[in-house]
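One structure is given below, encoded as structure tokens.
Just so it is clear: chains get the letters A, B, ... in the order the sequence lines come, proteins before strands, and each one is counted from 1. Only this structure's heavy atoms are used, side chains among them; waters, hydrogens and symmetry mates stay out.
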2 protein chains.
Amino acid sequence: MTTGGPPTVETIAERAGVSIASVSRVLNGHGARPETVRRVERAAAEVGYVANAVARSLKGGRTKQLTFAMQDIGNPVYVEMVRQIQTITKAQGYRLLLHSTDAVAEDELAVVRSLADRTSDGLILCPIRITPEHIEALRTAAQPVVVIGSLPDDAPVDSVRADSVTGAELAVRHLAGTGRRRIAFINGPADTVPGRNRRLGYRRALDACGLPADPLLTVTTEFTIEAGARSVEALLERDAAPGDGLDAVFCANDQLALGASQALHSRGLRIPEDVAVAGMDDTVLVRACWPPLTSVDLGSAERGRIAAEMLLERIAGQGPPVPPRVRTVTPRLVVRASSAPGASAPGGAADGEVTS
Amino acid sequence: MTTGGPPTVETIAERAGVSIASVSRVLNGHGARPETVRRVERAAAEVGYVANAVARSLKGGRTKQLTFAMQDIGNPVYVEMVRQIQTITKAQGYRLLLHSTDAVAEDELAVVRSLADRTSDGLILCPIRITPEHIEALRTAAQPVVVIGSLPDDAPVDSVRADSVTGAELAVRHLAGTGRRRIAFINGPADTVPGRNRRLGYRRALDACGLPADPLLTVTTEFTIEAGARSVEALLERDAAPGDGLDAVFCANDQLALGASQALHSRGLRIPEDVAVAGMDDTVLVRACWPPLTSVDLGSAERGRIAAEMLLERIAGQGPPVPPRVRTVTPRLVVRASSAPGASAPGGAADGEVTS
DNA sequence: CTGAAAGCGCTAACAG
DNA sequence: CTGTTAGCGCTTTCAG
């Protein structure tokens, strides 16, 4: 007998005068006599029946939920990823669970381990650092995981990475190509994968262009707008001593570049006439800068999309087990007004360069 | 007998030589003989047992999940809300389900109706428009809902609203107070609640300051950066005909204000010397603008926090049923460089004004 | 303090 | 084509 709670298959069965099995079959389109179908559908509509997803999950072993875990949704890069992931998962009938780890490694591990509670069918993780514990947790993860980021070669899960070495190289070569000689570099934490890679790209580009690597031109800080501004202040002060000023600032992400632009404005320096500026990630912030910011698109949206697709493939998981896959997204330099040639010589276009 | 799948209470029971009931009791801290506790905990640790949350939900009728639905996570206002909501829900052991409706009313209704599938224990909804269908859906919602936005007085659910009438008024009075006379208004869609309210505030402030309401000074458009830029272009062209130029632009949100700032820059107009600019929402974009943008903080973060708290209270739901509550967050004008007095007279500080 | 057993709502095997 | 029944993994009476 049906009680006062929400309608269940039993409620419908009673009303339609059939068994709960028939209710389930009709509702899942598994075929039944037209008369049965009619009665069940009518009864379901009358009481406004909606199947209990939890019960269905318990039976089926799938929740139709995916988890996306990143440091902080305040970063536009993650916002872009969330959007892409959401679009794809929604189209396939999955719900999206959001988890901010606040860059706490402990919390990242907890997310991976909590896959064992069967709350979601898979995880897309953006780790900030990869420790041996991360690898171990990934190896024993209870559900498929796709990592957005750079993993060691023998890592046990699928991953999508940006090529930020090449990305940084593109930007710095472009700056050099437009006649800049004293190219400062504002980087994020050096002990993170992005930090290391971007520095490497910067160095390589300087070498390739025959520019000296002046340590006084590099600042290492956090990935924030404020840090970008402070770093420019620091650079300009240092600069007072060693001699000829900097004529370009390459920033390891757009937030830094935005802060840098503002600090340059405050100091009365013109962009790009006096100092060119370039960032990375090509987020919405590029249009927030004035002049619009040259930036390297590291494919946040694409990485999000690919990660979602890989994860769904893993979940579908038919056929023989596929070994971990690594996908790399090609960076793309987007040139805007902030890096137009300055007072000195103009320069030509380099590889992978695009104008927007 | 336990099969090859993930460990269950049965696995533990066998290993520990007790019943599944004892396993459950120990794992939930319901007390047992020390010896029993020891054996269960040991067995659980050995196999790395993690309780299946789905089964637990089915039994308990609660999923420990909350849903947050808004138009588009690309809007910084929602990002701020998500952050707050996440902080609170996480602290209480809830997971957060994100749902972007893309401002499709149909989709909003679907979210409310889908509460019946018991996937989450409650919903925080940011509707863009409120139709009678919305009200009806809310009345019959299967789980508690809190709306962030302005609902009719007899609406059947809790809500938190911004006071954007007062907010707009604050901003416009401030602009007038610093000597601006021709204050343009770039608004979002007029058929939305925010659009209507902000226009009302603008009008009221003009009246209060004895300024004429020139229809040529108002543009109605979408809430985007590009729309802000286009609107300024349109205003400047119109302006060519009627005579003396505008000396301030009040924008219905920060995205519009950012676009407006950029268009003004492009036209060679100086901010704030030639034209003052003010926005609304006080998002991260205020620091992206140059000069930093005066904006009205409508309390996005606070609204998110309050909504989460109200929802959790409803879910706890002890005692007699509480009638729907409405909370209003007080707006706060944050004055920055974009609205410093221009070529003309300076002005004093108005009520609710803050300098940042 | 412990075990047996019911049951959350659903789907799917198995008979009929 | 349809009904009966088992069972997903867990918590919670109810006896003992």
Using a heavy-atom cut-off of under 4.0 Å over every strand shown, decide if A:Val18 touches base, sugar-phosphate, or nothing.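 Sugar-phosphate: the residue A:Val18, judged by heavy atoms under 4.0 Å, touches backbone atoms but no base.
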Within the 4.0 Å heavy-atom criterion, would you say B:Ala32 contacts the bases, only the backbone, or no part of the nucleic acid?
sugar-phosphate
For this session: Using a cut-off of 6.0 Å, state whether more than 12 heavy atoms not belonging to B:Arg325 lie near its atom CZ.
Result: yes
Q.
Using a 6.0 Å cut-off, check whether atom CD of B:Glu106 has over 12 heavy atoms from anything other than its own residue.
A.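 No - once you tally the heavy atoms of other residues, nucleotides and ligands closer than 6.0 Å, there are 12 at most.
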Counting only non-hydrogen atoms, which of [range] are less than 4.0 Å from DNA chain D?
{"range": "residues 35-47 of chain B", "answer": "none"}
{"range": "residues 115-122 of chain B", "answer": "none"}
{"range": "residues 58-66 of chain A", "answer": "A:Leu58, A:Lys59"}

At less than 4.0 Å, is any side-chain N or O atom of [X] found next to OP1 or OP2 of [N]? Yes or no.
{"X": "B:Asn28", "N": "D:dT11", "result": "yes"}
{"X": "B:Tyr49", "N": "D:dG9", "result": "no"}
{"X": "B:Ser24", "N": "D:dT11", "result": "yes"}
{"X": "B:Arg56", "N": "D:dT11", "result": "yes"}

Sorted by chain and residue number, the side-chain contact (heavy atoms from CB on, under 4.5 Å) partners of A:Val9 (sequence neighbours excluded) come out as A:Ile20, A:Val23, A:Tyr49
Is the backbone of B:Arg161 close enough, under 3.5 Å, to the side chain of B:Ser150 for a donor and an acceptor to pair up by distance?
no
B:Leu27 CG to D:dG9 C1', in whole Å, measures 13 Å
To the nearest angstrom, the CZ-P distance between A:Arg33 and D:dT2 comes to 5 Å
* To do: Would you indicate whether the side-chain heavy atoms of B:Ile73 and A:Arg83 approach each other to under 4.5 Å?
  => yes
When rounded to the nearest 0.5 Å, the distance separating OG of B:Ser100 from CE of B:Met70 is 3.0 Å
So the contacted stretch of DNA chain C, first to last nucleotide with an atom under 4.0 Å from a non-hydrogen atom of chain A, runs from C:dG9 to C:dA13
field: Which atom of A:Gln86 lies closest to which atom of B:Leu98, heavy atoms considered
entry: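 For A:Gln86 versus B:Leu98, the nearest heavy atoms are OE1-O, 3.0 Å.
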ask   = Roughly how bent is the helix from C:dC1-D:dG16 to C:dG16-D:dC1 end to end, in steps of 10 degrees, with each end axis from five pairs?
value =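 Between the first-five-pair axis and the last-five-pair axis there is 50°.
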